[in-house]
Amino acid sequence: MKGPSTFCSLLLLSLLLSPDPTAAFLLPPSTACCTQLYRKPLSYKLLRKVIRVELQEADGDCHLQAFVLHLAQRSICIHPQNPSLSQWFEHQERKLHGTLPNLNFGMLRKMG
């Protein structure tokens, strides 16, 4: 039985010596894409728990355009034209108006 291949040995060595373990991987990490979109109205209770929002574009690896709402324990894929999400974005814009000058909420309205 042969030992590990040269490639495996080099990969293991680079993992052990790298200060950033993710930098050692030669292939990009797999991307998690939304495969189903939530279209029903979103509850205020759920929207209060949102930590971060990302826009998933319908190009490259992912085939659906969606807003990904990140909560503490999970992520939810929302249809870009969901009315309750649009209302929440408008509320966030009013709430943050003037405090974050670089936010472009106009882009979000164009999507809907």
Side-chain angles (χ1 to χ4, degrees):
M1 180 180 199
K2 286 186 168 185
S5 70
T6 305
F7 175 76
C8 290
S9 299
L10 288 174
L11 182 60
L12 182 60
L13 183 63
S14 65
L15 284 172
L16 293 173
L17 297 177
S18 175
D20 179 11
T22 59
F25 290 109
L26 302 176
L27 300 174
S30 64
T31 306
C33 293
C34 297
T35 57
Q36 294 181 338
L37 301 179
Y38 191 80
R39 296 173 186 263
K40 295 180 182 179
L42 304 168
S43 72
Y44 178 71
K45 184 178 179 181
L46 177 111
L47 291 170
R48 283 186 24 217
K49 296 178 182 180
V50 173
I51 298 170
R52 179 174 97 244
V53 178
E54 289 182 19
L55 174 63
Q56 173 183 292
E57 293 288 347
D59 59 359
D61 293 335
C62 303
H63 301 289
L64 294 174
Q65 187 175 34
F67 283 104
V68 183
L69 304 182
H70 296 277
L71 311 174
Q73 300 291 323
R74 62 188 173 134
S75 297
I76 304 170
C77 299
I78 308 295
H79 192 279
Q81 295 177 352
N82 186 310
S84 56
L85 185 63
S86 299
Q87 291 171 355
W88 183 71
F89 281 139
E90 289 173 8
H91 176 73
Q92 296 302 309
E93 180 180 16
R94 284 192 304 271
K95 191 167 105 176
L96 298 174
H97 188 353
T99 59
L100 299 171
N102 293 331
L103 280 179
N104 186 0
F105 286 99
M107 176 197 79
L108 299 175
R109 273 192 234 106
K110 289 178 187 176
M111 307 241 351

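Between Cys62 and Cys34, the gamma sulfurs sit at a distance of 2.5 angstrom or greater.
Under the 4.5 Å side-chain heavy-atom criterion for grouping Ile, Leu, Val, Met, Phe, Trp and Tyr, Ile76 is connected to Leu47 within one hydrophobic cluster. Cluster membership check: Val68 does not share its hydrophobic cluster with Leu46, using side-chain heavy-atom separations under 4.5 Å among Ile, Leu, Val, Met, Phe, Trp and Tyr. A continuous path of Ile, Leu, Val, Met, Phe, Trp and Tyr side chains, each step under 4.5 Å between heavy atoms, connects Val53 with Tyr38, placing both in one hydrophobic cluster. Leu55 and Leu64 fall into different hydrophobic clusters, where Ile, Leu, Val, Met, Phe, Trp and Tyr are joined by side-chain heavy atoms under 4.5 Å apart, directly or via other members.
For Glu54, the CD atom counts as densely surrounded, since its 6.0 Å shell holds more than 12 non-hydrogen atoms of other residues, nucleotides or ligands.
Between atom CD of residue Gln56 and atom CD of residue Gln65 there is a gap of 9.0 Å, rounded to the nearest 0.5 Å. Here the CD1-CG distance, from Ile51 to Leu71, works out to 6.5 Å after rounding to the nearest 0.5 Å. Taken from CZ in Arg48 to OH in Tyr44, the straight-line distance is 5.5 Å, to the nearest 0.5 Å. In this structure, Lys40 NZ and His79 NE2 are separated by 15.0 Å, a value rounded to the nearest 0.5 Å. Put simply, SG on Cys33 and NE2 on His63 are 7.5 Å apart, with the number rounded to the nearest 0.5 Å.
Judged purely by atom type and a 3.5 angstrom limit, Ser84 uses its side chain to pair as donor or acceptor with the backbone of Leu42.
Looking at every heavy atom in both residues, Lys49 comes nearest to Lys45 through CG-O, 3.5 Å. Considering every non-hydrogen atom in both His70 and Ser75, the closest pair reads ND1-OG, 2.8 Å.
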Report task. Check the pair Val50 / Trp88 against side-chain contact (heavy atoms from CB on, under 4.5 Å), numbers first and verdict last. Result -> CA-CA 11 Å; Val50 173; Trp88 183 71; 3.9 Å; yes
